[in-house]
Amino acid sequence: MAEYEKLNGFYQHVLNQWGKTHGLRTTCELACRHLSESFAVSQIQLIVAYKARWSILLDMDETGIHYQFPPRDIPGNNRVPFFQITKTIRNQASYFSPLKNGHRLWLPLERRSNIIGCLIIDVPKQQPKHNDFMFLATLLASELDAGLLSESIQHEHHGRRTAERELQISQHEQQALQEQLQALHDISFKLWRAHSIDDMLFIAVDEAKKKLHIDRMAIFLLKGNDRMQGTYGTDLYGNTISEQYFESEIPDDYWYTANKLVQKEYLSVNENTPLYHDFKQVGFGWNAYVSLWDEDTPVGWIACDNLLTGMPFLNYHRQLLKQFGFIVSQHLVRRQAEENLLKLNKELEQRVLDRTAELERVNGQLEKISRLDPLTSVSNRRVFDQRFQEEWQHAERHQQPLSLLIIDVDHFKSYNDTYGHAAGDRCLKMLASTLETLERRSGSLFARYGGEEFVLLLPNQDKYTASYAAKRALHAIQMLEIPRINGAESAPTCVSISIGVNTIVPLGQCSPDQFFKETDKALYLAKNNGRNQFCVSH
């Protein structure tokens, strides 16, 4: 089944493309390419009867397809023995003969009961039967019969066409040029509406082939000074395909390196030249290269040829391709500038977003730092003053209790004088770290008020809760057992604290400052009573 599908696909491709070809050469080359692709054919030789002699019309080997008209004589060292050729022609029957790495298929080409040629195909092992190719032999014989006659007439009478015929051709070309100039306008409009460079390049190749009647076309862009990048091109069946995978150094013998762009030549045309696909010769005909420019800077080129139909290069093609190259250059440069601008705008937007985020982060850090005491890393007096006012207003509005503890380190000046300020700083850090963790209820705030003095704000806490908090604070500091020299008669042997406690439900006759002063008085009462204790304001 697979072999049948392969054979059926082969004949479908051949019949489809033969109906569009111009000339015997293209017909023969198409047959060779399809045999190579479908059946891994490595070598083909087409022998024809020409002027009463057997001659070679086409020879395909690893170097490519070589067509020659008039056909050339069969040399004595021909890789296909001449006696086998004549044997096949006499027997008028197809057959396989063994080769070292496959088989050789001999197909006599018969037309009107006469053998007019022989097709010799080298195929690998396990290929279809030779009868599967009899239809190909019949088709090719028909094409040869008509094609050789046409080629002969053209060869014999080349340059003898009448002035009337030349005039008709010229008029036809002028009409075709006018139609295709309109087609260029239509293509330019579609390129203008393309959504991206990729879309634009696809449209340029696909529409130009259809409307400018070019068999194959591809657009290449320059990458640096010596590399080429594929975009979209045409396969051997005329389909537009992506060739973006293709990237290569520009070959030394390529047209670009022959100073075409350096000399600012917009168009290079080669007649009767080998045609290639993926750097492999696949036929013979004309090709053209149209350079693409951004003012004085080359950006790429368009390559096109007549591989599929063999259509001749007409006079108007030169001006048409130049104009098409200019249109593609214009749209490509415009698109590149637009996309570069969009990319730059996005980069700028991202940089602004990044800078804004970084600024917000730094501002957040600064705000956080501005709210912390630099020594103890607890909240500072600025935060306390702000929160104290807020919680006072909230308690006054909702008639809820508000409690405040003012905490002072006992005999801290003596501690500093005895151990030094560095030790005093370490002592304050230890005390702050311990006291900060005692009260975790919602809304509570522990802060350093100044020097060795701390405050604990307890919203919605009554005097009993506040007294309990003071007891816990005294106990926590006692458990630290921070040693100190007994420098004064009343000083303990470990660092201790004294606490003033006050609770209020704010009313109009009392202010936050008065409340704070009353709490401070309770602190001094605790100190006067011997320190290392708390006192509740009444």
Side-chain angles (χ1 to χ4, degrees), residues 64 177 180 183-184 187-188 191 200-236 238 240-244 246-333 336:
L177 177 58
Q180 294 194 328
L184 280 177
I187 293 171
S188 181
L191 295 180
M200 189 208 75
L201 291 169
F202 173 83
I203 292 172
V205 172
D206 200 56
E207 290 295 318
K209 288 188 307 175
K210 297 174 185 176
K211 295 187 176 182
L212 304 183
H213 307 301
I214 302 294
D215 285 10
R216 293 197 312 162
M217 182 173 289
I219 296 179
F220 297 90
L221 300 180
L222 291 176
K223 294 192 70 175
N225 295 323
D226 58 354
R227 295 190 68 81
M228 54 195 291
Q229 170 73 57
T231 61
Y232 286 93
T234 312
D235 64 14
L236 293 175
T240 302
I241 59 173
S242 174
E243 294 181 339
Q244 296 176 13
F246 177 80
E247 182 177 338
S248 168
E249 290 186 0
I250 302 175
D252 291 337
D253 59 347
Y254 206 56
W255 79 282
Y256 173 75
T257 56
N259 295 324
K260 295 298 181 183
L261 288 184
V262 176
Q263 298 173 2
K264 296 187 179 180
E265 293 191 15
Y266 288 90
L267 178 66
S268 172
V269 180
N270 301 298
E271 296 270 15
N272 299 317
T273 187
L275 304 180
Y276 296 87
H277 187 79
D278 288 339
F279 291 118
K280 179 181 179 182
Q281 184 182 341
V282 290
F284 212 85
W286 62 261
N287 63 21
Y289 298 95
V290 189
S291 56
L292 303 176
W293 294 83
D294 177 6
E295 295 184 352
D296 292 333
T297 304
V299 296
W301 62 84
I302 304 170
C304 49
D305 61 41
N306 66 336
L307 177 70
L308 303 180
T309 65
M311 178 188 67
F313 188 83
L314 303 176
N315 291 333
Y316 65 80
H317 275 142
R318 187 174 297 275
Q319 184 60 36
L320 196 68
L321 289 174
K322 282 185 179 181
Q323 186 68 19
F324 178 65
F326 173 76
I327 290 173
V328 173
S329 295
Q330 188 179 47
H331 285 285
L332 179 62
V333 171
Q336 287 177 335

Neighbour count >12 (heavy atoms, 6.0 Å) for atom [atom1], [X]:
{"X": "Glu295", "atom1": "CD", "result": "no"}
{"X": "Phe326", "atom1": "CZ", "result": "no"}
{"X": "Lys322", "atom1": "NZ", "result": "no"}

Strictly distance-based, threshold 3.5 Å: is any side-chain N or O of [X] a donor or acceptor partner for the main-chain N or O of [Y]?
{"X": "Trp286", "Y": "Met311", "value": "yes"}
{"X": "Ser188", "Y": "Leu184", "value": "no"}
{"X": "Gln229", "Y": "Phe246", "value": "yes"}

Between [X] and [Y], what is the shortest heavy-atom contact and its length?
{"X": "Ala208", "Y": "Met217", "answer": "CB-SD, 3.6 Å"}
{"X": "Lys210", "Y": "His213", "answer": "O-ND1, 3.7 Å"}
{"X": "Gln281", "Y": "Tyr276", "answer": "N-CD2, 3.3 Å"}
{"X": "Tyr289", "Y": "Trp301", "answer": "CD2-CD1, 4.1 Å"}
{"X": "Phe324", "Y": "Ala204", "answer": "CZ-O, 3.5 Å"}
{"X": "Glu249", "Y": "Met228", "answer": "O-SD, 4.3 Å"}

Among pairs that include at least one residue of residues 303-320, which meet salt bridge (Lys or Arg N to Asp or Glu O under 4.0 Å), considering only residues two or more places apart or in two chains?
Arg216-Asp305
Result for side-chain contact (heavy atoms from CB on, under 4.5 Å) between Phe284 and one of Asn272, Asn306, Leu307, Leu275 points to Asn272
Partner of Val328 under side-chain contact (heavy atoms from CB on, under 4.5 Å), chosen from Val333, Leu292, Val299:
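Filter result, single survivor: Leu292.
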Straight-line distance of [X] [atom1] to [Y] [atom2], nearest 0.5 Å:
{"X": "Asp294", "Y": "Leu222", "atom1": "CG", "atom2": "CG", "answer": "11.5 Å"}
{"X": "Ile219", "Y": "Glu243", "atom1": "CD1", "atom2": "CD", "answer": "10.5 Å"}
{"X": "Ile203", "Y": "Thr240", "atom1": "CD1", "atom2": "OG1", "answer": "11.5 Å"}
{"X": "Leu308", "Y": "Ile214", "atom1": "CG", "atom2": "CD1", "answer": "11.5 Å"}
{"X": "Leu267", "Y": "Ile302", "atom1": "CG", "atom2": "CD1", "answer": "10.0 Å"}
{"X": "Leu191", "Y": "Glu207", "atom1": "CG", "atom2": "CD", "answer": "8.5 Å"}

Within the structure provided, determine whether Leu332 and Leu221 are in side-chain contact (heavy-atom separation under 4.5 Å).
yes
Residue pair Ile187 / Leu212, side-chain heavy-atom distance below 4.5 Å:
yes
Partners meeting salt bridge (Lys or Arg N to Asp or Glu O under 4.0 Å) with Lys223 (sequence neighbours left out):
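Applying salt bridge (Lys or Arg N to Asp or Glu O under 4.0 Å) to Lys223 gives Glu247.
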Do Asn287 and Thr273 have side-chain atoms, one donor and one acceptor, less than 3.5 Å apart?
no
